[in-house]
Amino acid sequence: MSDPFGQSAKQNRYDIEFAVPMVHRLRFTKDCFGDDFSVVTDLFERSGNSCARAQVWIDEGLCNWDRQLSQKITARLSSPAAGVDLVAPVEQLPGGEAVKNDPAIVHHLLESFNRDNLDRRSYVLVVGGGAILDTVGYAAAIAHRGIRLIRVPTTTLAQADSGVGVKNAVNWFKKKNWKGTFAAPWAVVNDERLLEGLSDRDFRCGFSEAVKVSLLKSPEFFQFLTGAAEAIAARGQPQTAIAIRESVLLHLWHITRGGDPFELQQARPLDFGHWSAHKLEAITQYRLRHGEAVAIGVAVDTVYSHLQLGLPRSVADATLKTLLGLQLPIWDSALNESVIFDGLEEFRQHLGGELTITLLKQVGQPVDVHSIDRGAMREAMSYVAENAASSVV
Ligand SMILES: NC(=O)c1ccc[n+]([C@@H]2O[C@H](COP(=O)([O-])OP(=O)(O)OC[C@H]3O[C@@H](n4cnc5c(N)ncnc54)[C@H](O)[C@@H]3O)[C@@H](O)[C@H]2O)c1
Ligand SMILES: [Zn+2]
């Protein structure tokens with residue numbers, strides 16, 4: 001029996017799959033606030049007859065390196081040729097994890113968006129490290145259910161990995177990334193010059209994510225990193241630019257073609273090496289940077305993959321050598337068995353449901369496992385610790 005609109009009265013369940021078409025825009029520049037500025041301005045779409053309204057937020061750490069940067073961005077965006085209506089002075093925010101811990105900053109961002117009447121066709125341009133991208137991105141995602149966000153990541157980690165991600169978050173209840181959303185940015189601009197301001201330590205941090213993604217997806221890229229590690233650690237070109245480009249593109253393909261951008265499934269393949277890393281960051285009170293903790297997590301999980309899943313030993317050894325060549329740590333004195341297994345439990349709770357950890361059968365062949373063997377993990381940890389110790393001598 002149908003109703004007057006032809007709908008069956010017997011059908012009481014409708015489960016309908018749907019997909020939302022989205023565009024992910026990624027640009028590579030050499031000097032995006034200099035000669036390549038048109039790459040930035042081309043990203044702003046006019047709103048009807050009006051120029052695009054925009055605000056700019058920038059990392060203090062970056063401004064300490066280039067003290068003219070705020071003025072330079074202001075001057076360029078204010079020129080009529082830019083076709084942008086810069087509705088407020090460029091504002092600086094403190095960089096690093098502190099920005100994600102301070103609720104007043106999210107409040108300040110929202111108040112500023114409201115004060116200047118930013119709407120869903122306005123733009124928030126954020127220039128800085130992953131912490132600032134996360135914070136400003138979160139505020140932009142919840143304001144009007146989403147203001148367009150243009151990210152200009154300025155650390156190697158953010159350029160190689162998180163900048164093209166579709167996540168943002170701030171820390172809440174003293175828990176990392178507790179409050180956040182999934183939201184694709186309007187665009188991402190990876191600029192070479194802005195990386196010059198980084199310390200060597202911060203510069204090297206991004207490449208542990210490159211090693212991670214190469215192990216997951218690309219034997220050729222892994223091979224490249226193995227050969228280029230020392231040159232990258234010394235900030236050599238073109239190796240550095242190649243490594244960042246390949247890493248970010250592998251992440252981009254994963255997000256746009258991998259079938260699960262919003263991590264609705266149990267497995268989180270891009271989190272290879274991360275379950276212990278998150279725990280290590282927390283127990284060292286962030287003495288270890290994210291990229292350093294990931295290097296350690298990748299080292300341990302690669303050796304464990306050799307012991308339990310048949311990953312060739314040559315790959316495990318090449319991974320340790322590559323990470324050491326990049327001058328990243330593969331071990332830290334804070335790491336021990338209980339840290340590892342507490343980390344595992346926390347990771348399971350964070351995911352919800354069954355524990356799912358991505359490990360490796362081969363380079364480019366990830367595999368999901370649902371338990372970790374304590375004895376083999378102990379062995380993997382000793383092996384990595386010995387390698388770390390012998391590399392110091
Ligand atoms: N959203 C995601 O998917 C995702 C993924 C990975 C990491 N993250 C988050 O990213 C954050 C880490 O980000 P990060 O590693 O990019 O570092 P960061 O944002 O913590 O910045 C590190 C330091 O470098 C400074 N800085 C940034 N760019 C600079 C430059 N070019 N020159 C000089 N100084 C500069 C900052 O002021 C800060 O002091 C963490 O909070 C992490 O949770 C998010
Ligand atoms: Zn990471």
Side-chain angles (χ1 to χ4, degrees), residues 31-33 57-67 69 92-102 126-138 140-141 149 151-171 175-185 188 190-213 216 235 244 247-248 251-252 254-255 261-263 268-278 280-282 286 288-298 301 328 358:
D31 185 7
C32 71
F33 297 122
W57 300 83
I58 180 164
D59 194 313
E60 252 173 37
L62 182 65
C63 298
N64 290 339
W65 165 68
D66 181 350
R67 298 194 176 274
L69 192 59
Q92 296 183 18
L93 291 173
E97 204 62 25
V99 75
K100 291 176 66 168
N101 284 327
D102 185 354
V126 55
V127 187
I132 282 194
L133 301 186
D134 261 4
T135 309
V136 177
Y138 171 67
L149 178 75
R151 292 186 186 140
V152 182
T154 63
T155 61
T156 51
L157 190 116
Q159 288 199 4
D161 179 327
S162 59
V164 290
V166 290
K167 295 189 275 189
N168 55 61
V170 292
N171 305 334
K175 291 180 181 156
K176 194 162 160 85
N177 297 337
W178 196 90
K179 211 174 184 185
T181 70
F182 286 98
V188 180
N190 264 5
D191 185 71
E192 235 175 84
R193 175 182 172 267
L194 294 175
L195 296 179
E196 289 170 17
L198 288 172
S199 66
D200 286 344
R201 182 180 178 190
D202 281 316
F203 186 86
R204 288 167 188 151
C205 274
F207 298 97
S208 55
E209 302 282 4
V211 173
K212 170 205 78 177
V213 80
L216 290 168
R235 307 174 78 140
I244 290 177
S247 174
V248 68
H251 281 91
L252 183 67
H254 180 89
I255 289 162
F262 298 148
E263 297 173 358
R268 304 228 331 221
L270 289 180
D271 276 359
F272 174 62
H274 275 60
W275 59 277
S276 49
H278 287 310
L280 257 177
E281 282 182 85
Y286 299 95
L288 283 179
R289 305 270 210 278
H290 180 72
E292 293 167 338
V294 169
I296 295 169
V298 165
D301 280 5
L328 287 163
T358 300

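Computed from a predicted model, the values in this text were never measured in an experiment. Just follow the structure's listing: the first ligand is 1, and inside any ligand the first atom is 1.
Proximity to Lys176 (heavy-atom distance under 4.0 Å) selects the following atoms of ligand 1: 40 (C), 41 (O), 42 (C), 43 (O). Annotation for ligand 1: atoms under 4.0 Å from non-hydrogen atoms of Lys167 are 1 (N), 3 (O). Residue Gly129 has at least one heavy-atom neighbour below 4.0 Å for each of these atoms of ligand 1: 16 (O), 19 (O), 27 (C). Near Gly197, meaning under 4.0 Å from any of its heavy atoms, are these atoms of ligand 1: 32 (N), 33 (C).
Checking only distances, Gly130 does come within under 3.5 Å of ligand 1, N or O to N or O. Between Ala131 and ligand 1, a contact under 3.5 Å exists for at least one N or O pair. Of the polar atoms of Leu194, at least one N or O is found under 3.5 Å from an N or O of ligand 1, judged by distance alone. The shortest N/O to N/O separation between Trp65 and ligand 1 does not fall below 3.5 Å. In terms of N/O distances under 3.5 Å, ligand 1 is approached by Lys100. Of the polar atoms of His290, none of the N or O atoms is found under 3.5 Å from an N or O of ligand 1, judged by distance alone. The N/O atoms of Glu60, backbone and side chain alike, include none that comes under 3.5 Å of an N/O atom in ligand 1.
Counting non-hydrogen atoms of other residues, nucleotides and ligands closer than 6.0 Å to CH2 of Trp65 gives a total above 12.
To the nearest 0.5 angstrom, Gln159 atom CD is 10.5 Å from Ser247 atom OG. To the nearest 0.5 Å, the span separating CG on Asp191 from CZ on Phe33 amounts to 7.5 Å. The distance from the CG atom of Asp301 to the OG1 atom of Thr358 is 9.5 Å, given to the nearest 0.5 Å.
The residue from Leu198, Thr155, Ile132, Leu69 that alone fulfils the side-chain contact (heavy atoms from CB on, under 4.5 Å) condition with Leu62 is Leu69. When the options His278, Glu209, Glu97 are evaluated for a side chain to side chain donor-acceptor pair (under 3.5 Å) with His290, the one that passes is Glu209.
Side chain of Arg151 to backbone of Gly130: no donor-acceptor contact under 3.5 angstrom is found. Of the possible donor and acceptor atoms, one in the side chain of Asn171 sits under 3.5 Å from a partner among the backbone N and O of Asn177. The main-chain N or O of Thr181 is never found under 3.5 Å from a side-chain atom of Lys167 such that the two would form a donor-acceptor pair. Side-chain N or O atoms of Asp59 include one that pairs as donor or acceptor with a backbone N or O of Gly129 at under 3.5 Å. Of the possible polar contacts, none joining the His254 side chain to the Leu252 backbone as a donor-acceptor pair under 3.5 Å is found. Panel note: side chain Glu60, backbone Gly95; no donor-acceptor pair is recorded below 3.5 Å.
Looking only at heavy atoms of the protein, atom 40 (C) of ligand 1 is closest to Glu97 OE1, 3.5 Å. Among all non-hydrogen protein atoms, the one lying nearest atom 15 (O) of ligand 1 is Leu157 CD2, 3.5 Å. Scanning the protein heavy atoms around atom 1 (N) of ligand 1, the nearest turns out to be Asp134 OD1, 2.8 Å. Looking only at protein heavy atoms, the nearest one to atom 16 (O) of ligand 1 is Thr155 OG1, 2.5 Å. With hydrogens left out, the protein atom closest to atom 28 (N) of ligand 1 is Thr154 OG1, 2.7 Å, a heavy atom. Of the protein's non-hydrogen atoms, the one nearest atom 38 (C) of ligand 1 is Gly96 N, 3.6 Å. From the protein, the heavy atom lying nearest to atom 35 (C) of ligand 1 is Leu198 CD2, 3.8 Å.
Less than 2.8 Å away from the Zn ion (ligand 2), the protein contributes these N/O/S atoms: Glu209 OE2, His274 NE2, His290 NE2.
Residue Leu62 holds the heavy atom nearest to atom 30 (C) of ligand 1 of all those in Leu62, Asp59, Asn101, Leu69. Taking all heavy atoms of Gly95, Ser162, Gly61, Ala158 into account, the minimum distance to atom 2 (C) of ligand 1 is reached by Ser162. Comparing Val294, Asp202, Leu270 by heavy-atom distance to atom 22 (C) of ligand 1, the nearest is Asp202.
Neither the backbone nor the side chain of Arg289 has any atom closer than 4.0 Å to an atom of ligand 1 (non-hydrogen atoms only).
For the pair Phe207 and Ile244, the minimum side-chain heavy-atom distance is below 4.5 Å.
Closest of all the heavy-atom pairs between Ser276 and Gly297 is OG-CA, 3.5 Å. Leu280 and Ala293 make their closest contact through CB-CB, 4.3 Å (heavy atoms, listed as atom of the first residue, atom of the second, distance).
Between Asp66 and Arg193, at least one side-chain N (NZ, or NE/NH1/NH2) sits under 4.0 Å from a carboxylate O, which counts as a salt bridge.
Identified under the side chain to side chain donor-acceptor pair (under 3.5 Å) test for residues 195-208, with sequence neighbours left out: Ser199-Asp202, Asp200-Arg235, Arg201-Glu292, Asp202-Arg289, Arg204-Gln327.
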